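Not measured: the values here are computed from a predicted model. Counting convention: from 1, in listed order, for ligands and their atoms alike.
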Amino acid sequence: MKKIAIYGAGGHGRVVADTASMLGWQEIVFYDEAWPQHQKNSIWSVVGNYENLLANLAQYDGVIIALGNCALRLEKTRELARLGAPIISLVHPKAFVSSISTIGQGSVVFAGAVINIEAKVGEASIINTGATVDHDCVIASGVHICPGANLSGGVEVGESSWVGVGSCVHQGIKIGANVMIGAGAVIVKDVPNGVTMISVAASQINS
Ligand SMILES: CC(C)(COP(=O)(O)OP(=O)(O)OC[C@H]1O[C@@H](n2cnc3c(N)ncnc32)[C@H](O)[C@@H]1OP(=O)(O)O)[C@@H](O)C(=O)NCCC(=O)NCCS
């Protein structure tokens, strides 16, 4: 029986578990710092905290970090990989991922997402429900492309950045590391490291 451990028993963790279930993982358990108060995440059990997960690593065929905090998700994924954990990536069967694209360990691609030809996604990244990452995009590690965000061709997104729900990024744009793109933003210029961007700046530019 294929066993997977998911660290992070919140809403995102539930989507990760549901995706794993669709992919045929038969035994799915959570670990979370809220254990033992938090015993259940939807239909799945929470069986311990991070320390317990470290002690039980040998029991699992797959391990994945499901924390919403981008930097922490990346840090924990790398730490567990160094300790020899079998870090996996998960691609929902209803996502489209080009065979000429790459996805790093610990990353998830949810239902309805599209990753087009020659796009690269690093480790511990989330390509969330219905997001699109078009041809030649380079998504670094620990990135979250939120539900319904659309990245045109050749966009680059730096480590631990967050591209908000329903946002839209013009082709060829470079977004730095540790950036927060707000919900619904339209990005038409490069974005430096560490900033938050909001709003849709559409205006008439010719008569
Ligand atoms: C941009 C964002 C990070 C700002 O969060 P924050 O720093 O806590 O900012 P606040 O909520 O205090 O808002 C500050 C101001 O910006 C405005 N604002 C916040 N987010 C905005 C957005 N996405 N677009 C336009 N305006 C926004 C607020 O209305 C507020 O305006 P006011 O000062 O006139 O009242 C956040 O609102 C956001 O959009 N996060 C992304 C959410 C997301 O993608 N979720 C997906 C989960 S899977």
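Taking any N or O of Trp162, backbone or side chain, at least one lies under 3.5 Å from an N or O belonging to ligand 1. At a 3.5 angstrom cut-off on N or O pairs, Met180 does not count as close to ligand 1. Ligand 1 has no nitrogen or oxygen under 3.5 angstrom from a nitrogen or oxygen of Gly182.
Of the protein's heavy atoms, at least one falls inside 4.0 Å of atom 41 (C) of ligand 1. For atom 48 (S) of ligand 1, the nearest protein heavy atom lies closer than 4.0 Å. Remark: atom 8 (O) of ligand 1 lies closer than 4.0 Å to no protein heavy atom. Inside a 4.0 Å radius of atom 23 (N) of ligand 1 there is at least one protein heavy atom. Using a 4.0 Å threshold on non-hydrogen atoms, atom 15 (C) of ligand 1 does not count as touching the protein. Within the 4.0 Å cut-off (strictly below), a protein heavy atom is located near atom 3 (C) of ligand 1.
We find the CD1-CD1 distance between Ile175 and Ile139 to be 8.0 Å, quoted to the nearest 0.5 Å. Distance check, rounded to the nearest 0.5 Å: CG of Asp134 to OG of Ser98 gives 10.5 Å.
Only one option out of Tyr50, Tyr60, Tyr31, Phe30 pairs with Tyr7 in a ring-ring contact (aromatic ring centres under 6.0 Å, His included); it is Tyr50.
Distances from ligand 1 to the non-hydrogen atoms of Gly184 include no value under 4.0 Å.
Residue Ser161 comes nearest to Ala177 through the heavy atom pair OG-C, 3.4 Å, listed as atom of the first residue, atom of the second, then distance. Between Lys2 and Asp61 the shortest heavy-atom distance is CA-OD2, 3.3 Å. For the pair Gln171 and Val155, the tightest heavy-atom approach, listed with the atom from each and the gap, is CA-CG2, 4.3 Å. The shortest non-hydrogen separation linking Val143 to Ser160 is CG2-N, 4.1 Å.
Heavy-atom contacts of Gly164 reach the following atoms of ligand 1: 44 (O) (cutoff under 4.0 Å). Atoms of ligand 1 lying under 4.0 Å from at least one heavy atom of Cys146, given by number and element, are 44 (O), 46 (C). For ligand 1 and Pro147, the ligand atoms under 4.0 Å from any heavy atom of the residue are 48 (S). Residue contact check: Ala183 has heavy atoms under 4.0 Å from atoms 22 (C), 23 (N), 24 (N), 38 (C), 39 (O), 41 (C) of ligand 1.
Glu159 has a carboxylate O that lies under 4.0 Å from a charged side-chain N of Arg78, or vice versa, which qualifies the two as a salt bridge.
Side-chain N or O atoms of His38 include one that pairs as donor or acceptor with a backbone N or O of Ala9 at under 3.5 Å.
Between His144 and Trp162, the two ring planes are perpendicular [angle over 60°; tilted spans 30° to 60°].
Closest to atom 44 (O) of ligand 1 among all protein heavy atoms lies Val165 N, 2.8 Å. Nearest to atom 20 (N) of ligand 1 among the protein's heavy atoms is Ile198 CG2, 4.0 Å.
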